[in-house]
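In what follows, residues are counted from 1 in the order of the sequence shown. Atoms considered below: every heavy atom in the structure, side chains included; atoms not considered: hydrogens, waters and symmetry mates. In listed order, ligands and their atoms are each counted from 1.
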Amino acid sequence: MSSGRTPDAGIGACEIRRLGVLISGSGTNLENIAVKIEEGYLRARIAVVISDREDAYGLVRARRHGLQAVFLDPGSFPDRVSFDRELIRVLQENRVDLVILAGYMRMVSPEFVEAFRHRIMNIHPALLPSFPGTSGVADALAYGVKVTGVTVHFVDEGLDTGPVILQDTVPVLPGDDVESLHERIHGVEYRLYPEAIRLFCEGRLRVEGRHVRILGEGGEESIGLA
Ligand code: GAR
């Protein structure tokens, strides 16, 4: 039985972490992460971008940034388990340290979770555990909440149930529709996801059961506000 802790990268570890980014769509979060790396905010490299949709615009964005971009067709595999085995193979072949789900609209298999335990992050456009699934923005709007937000979490076997790393709020304004609300949510995502990835790359995240402790730069626990 493992200790349930994130593999220790060491405080302030300066090794460049290798990211594998999984997408299904537009890929603006992917592009934002690529830019944060180019600007030097993140000491990481995107080793591979994989899409489960051939027409995902994120593949175009990835290639524009000189990244290796691969389409893997779920239709050419008999089931989710064998598709995910191929995903694992490609990610391992590219020596990926951290898997980033960035608008990847497919649940990963338990085998996938086990292969990268506490090394898979997802970003969700709502305050989990509210409004999980693929339509978090529309569901929050339809429910009538006054505040929604963004969650970055480690992925476990459930649907958007893994330990929360960072969250921040976004107000729902009178007259909002899905598009206007999602636009403001995206703005928060572009800040929160790189921050969570940076914490991981600096070895400052410790998973203890459902809780993710964030260590300060000197190794002390910080309060973890975004
Ligand atoms: C993001 O808002 C992300 O939170 C959401 O998809 C969008 C992808 O945008 N993910 C989910 O809803 C996952 N259940 P992008 O392709 O422009 O990065």
Side-chain angles (χ1 to χ4, degrees), residues 19-38 41-42 44 46 48-65 67 69-72 74 80 84 87 98-109 112-113 116 120-143 145 147-172 176-197 226:
L19 312 181
V21 185
L22 270 49
I23 60 167
S24 300
S26 170
T28 63
N29 276 286
L30 155 73
E31 183 155 33
N32 177 58
I33 292 162
V35 168
K36 291 287 192 279
I37 291 171
E38 288 160 11
Y41 174 80
L42 282 174
I46 297 177
V48 63
V49 174
I50 307 173
S51 172
D52 64 337
R53 294 188 52 133
E54 194 168 18
D55 60 353
Y57 191 67
L59 288 171
V60 176
R61 293 184 200 271
R63 291 183 186 121
R64 251 198 240 144
H65 287 266
L67 303 172
V70 179
F71 161 57
L72 265 189
R80 177 171 73 136
D84 274 14
L87 271 183
L98 176 64
V99 181
I100 304 288
L101 308 188
Y104 183 67
M105 296 303 188
R106 189 174 288 273
M107 257 189 92
V108 294
S109 62
F112 188 96
V113 175
F116 294 97
I120 312 166
M121 278 186 194
N122 181 43
I123 191 152
H124 185 75
L127 290 175
L128 293 172
S130 292
F131 312 117
T134 54
S135 52
V137 180
D139 292 348
L141 196 62
Y143 194 90
V145 294
V147 176
T148 182
V150 173
T151 304
V152 181
H153 64 95
F154 283 117
V155 172
D156 68 5
E157 286 79 357
L159 174 63
D160 296 329
T161 53
V164 171
I165 303 168
L166 293 175
Q167 288 185 305
D168 206 352
T169 55
V170 175
V172 180
D176 256 342
D177 57 16
V178 173
E179 199 187 334
S180 63
L181 180 56
H182 204 160
E183 193 178 319
R184 290 202 312 290
I185 284 174
H186 261 136
V188 173
E189 290 186 336
Y190 301 154
R191 174 171 50 78
L192 224 57
Y193 219 178
E195 187 178 341
I197 296 167

Practice problem: Could I get the full list of salt bridge (Lys or Arg N to Asp or Glu O under 4.0 Å) partners for Arg106, not counting sequence neighbours? | Solution: Asp52
Quiz item: What orientation do Phe116 and Phe112 show, parallel under 30°, tilted 30 to 60°, or perpendicular over 60°?
Solution: tilted
Quiz prompt | Asp84 side chain vs Ser109 backbone, donor-acceptor pair below 3.5 Å | solution = yes
Exercise. Ignoring hydrogens and angles, state whether a donor on the side chain of Thr28 or Arg61 is under 3.5 Å from an acceptor on the partner side chain.
Key: no
Quiz item: How long is the span from the OH atom in Tyr190 to the CD1 atom in Ile123, to the nearest 0.5 Å?
Solution: 9.5 Å
Self-check item: Exam field: side chain His124 to backbone Phe131, donor-acceptor pair closer than 3.5 Å
Solution: yes
Quiz item: Can you pull the residues with any heavy atom under 4.0 Å from ligand 1?
Solution: Ser26, Gly27, Thr28, Asn29, Gly103, Met105, Ile123, His124, Pro125, Gly133, His182, His186, Glu189
